[in-house]
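What follows is a set of notes on a single structure, which appears directly below.
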Amino acid sequence: MLDTNVRRVLARAVTGVRYPPNATTAAERRLARTLLPEDERTAARWAAASMELGALVCTAKNESCPRCPIAAHCAWRLAGKPEHEGPPRRGQTYAGTDRQVRGKLLAVLREAHTPVPQARLDRVWHEPVQRARALDGLVADGLVEPLPGGLYRLPLT
Ligand code: SF4
């Protein structure tokens, strides 16, 4: 699962640059594969954790290194945070994307202390096809666990 947040975290923490390339490259995919734990459950946790890190701590606008759990190993931070030297950044439209819907679904599950019924997830987005696609994608990526009775939760760690 190589979404924008994960690509940014890998670019900074491992490659040592501020931003990843505008479009995903073969080198990034290779790097992500070498870092992915072999065990399936651990790999799912790894994917969820790196997405969360990019969404909440190492964001595009503001990296929050003092509260980052991998700060001691981050290549970009250790190199003194060199400025971006690649081509200009493409403007990223976020509003209305599946990524936004996924983020909203994950936010509900993150805040819940018990499994969440489908109806509660349905309230996060008005468009049912896009909402279902986002939820299916999260389940397929191992980031959301469906339970009997139409309930959902984050995978247990
Ligand atoms: S130390 Fe800072 S730049 Fe590096 S991954 Fe963490 S938040 Fe991002």
Side-chain angles (χ1 to χ4, degrees), residues 1-25 27-29 31-37 40-79 81 83-84 86 89-116 118 120-127 130-146 151-157:
M1 181 62 203
L2 204 49
D3 82 345
T4 306
N5 288 329
V6 176
R7 293 179 63 223
R8 185 174 55 256
V9 169
L10 295 186
R12 291 177 182 170
V14 184
T15 311
V17 295
R18 184 178 189 91
Y19 296 120
N22 274 335
T24 309
T25 64
E28 284 182 279
R29 289 189 204 286
L31 174 65
R33 265 199 302 273
T34 61
L35 295 170
L36 196 66
E40 215 169 278
R41 283 183 68 87
T42 315
R45 282 172 57 199
W46 163 269
S50 44
M51 280 181 73
E52 294 281 291
L53 189 62
L56 303 173
V57 178
C58 192
T59 67
K61 283 193 181 151
N62 182 30
E63 68 281 0
S64 188
C65 304
R67 62 191 189 97
C68 176
I70 59 169
H73 309 282
C74 174
W76 183 59
R77 190 187 72 81
L78 293 172
K81 299 189 175 179
E83 275 312 314
H84 176 64
R89 303 287 301 155
R90 200 171 50 202
Q92 289 187 332
T93 8
Y94 178 69
T97 61
D98 282 9
R99 201 154 60 82
Q100 184 185 19
V101 186
R102 286 167 66 108
K104 284 176 175 287
L105 292 168
L106 285 174
V108 170
L109 295 169
R110 209 164 31 232
E111 281 159 21
H113 300 293
T114 56
V116 171
Q118 171 90 48
R120 191 150 148 225
L121 293 175
D122 287 350
R123 288 204 289 271
V124 308
W125 197 252
H126 59 285
E127 209 288 298
Q130 189 179 20
R131 191 176 63 225
R133 185 172 64 226
L135 184 57
D136 287 349
L138 288 169
V139 171
D141 293 337
L143 300 174
V144 169
E145 186 178 346
L151 298 169
Y152 294 86
R153 70 179 175 196
L154 296 181
L156 296 178
T157 55

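Computation of the quantities below employed the complete heavy-atom set of this structure, encompassing side-chain atoms and omitting hydrogens, waters and symmetry-equivalent molecules.
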Side chain of R7, backbone of P21: donor and acceptor closer than 3.5 Å?
yes

Could you list the residues that satisfy side chain to side chain contact (heavy atoms under 4.5 Å, CB included) with A79, not counting sequence neighbours?
P82

Can you list the residues that meet the salt bridge (charged side-chain N to carboxylate O under 4.0 Å, His left out) rule with E127, with sequence neighbours excluded?
none

Given side chains that start at C-beta, do those of T15 and L31 come closer than 4.5 Å, heavy atoms only?
yes

Taking only residues at least two apart or on different chains, which pairs with a member in residues 53-63 satisfy side chain to side chain donor-acceptor pair (under 3.5 Å)?
E63-K81

D136: what forms a side-chain hydrogen bond (donor to acceptor under 3.5 Å, both in side chains) with it, not counting sequence neighbours?
none

Look up atom CG in D3 and atom OG in S50, then write down how far apart they are to the nearest 0.5 Å.
8.0 Å

Supply the atom-to-atom distance Q100 CD to W125 CH2, rounded to the nearest 0.5 angstrom.
4.0 Å

Step by step, work out the side chain to side chain contact (heavy atoms under 4.5 Å, CB included) result for L121 and L109.
CA-CA 8 Å; L121 293 175; L109 295 169; 4.2 Å; yes

Taking R77 for its side chain and A71 for its backbone only, find out whether a donor-acceptor pair lies under 3.5 Å.
yes

Smallest heavy-atom separation, R12 atom then C58 atom, equals NH1-SG, 3.2 Å

Can you list the residues that meet the salt bridge (charged side-chain N to carboxylate O under 4.0 Å, His left out) rule with R67, with sequence neighbours excluded?
none

Could you check if a side-chain atom of L2 sits within less than 4.5 angstrom of a side-chain atom of L10, using non-hydrogen atoms only?
yes

Drop me the distance from L154's CG to L106's CG, to the nearest 0.5 angstrom.
6.5 Å

What's the separation between atom CG in L135 and atom OH in Y152, rounded to the nearest 0.5 Å?
5.0 Å

Please test V144 against L105 for side chain to side chain contact (heavy atoms under 4.5 Å, CB included), starting from the C-alpha separation and ending with a verdict.
CA-CA 9 Å; V144 169; L105 292 168; over 6 Å; no

To check you understand the geometry: which heavy-atom pair defines the closest contact between N5 and G54, and what is its length?
OD1-O, 3.6 Å

Heavy-atom pair of closest approach, residues L156 and E145:
N-OE1, 4.0 Å

Here the gap from L56 atom CG to M51 atom CE, rounded to the nearest 0.5 Å, amounts to 10.5 Å

Checking the side chain of R131 only, and the main-chain atoms of D122 only, is there a donor and an acceptor separated by less than 3.5 Å?
yes

Non-neighbouring partners of R29 that pass salt bridge (charged side-chain N to carboxylate O under 4.0 Å, His left out), sequence neighbours left out:
none

Is D98 close to Q130 at the side-chain level, that is, under 4.5 Å between some pair of heavy atoms?
yes

Over all atoms of both residues, closest heavy-atom pair of G142 and A44:
O-CB, 3.9 Å

Taking every heavy atom of L151 against every heavy atom of P115, the minimum-distance pair comes out as CB-CB, 3.9 Å

Specify the closest pair of heavy atoms between R120 and A112, including all atoms of both residues, with the distance to one decimal.
NH2-CB, 4.1 Å

Nearest 0.5 Å, what's the OG1-CZ distance between T4 and R99?
4.0 Å

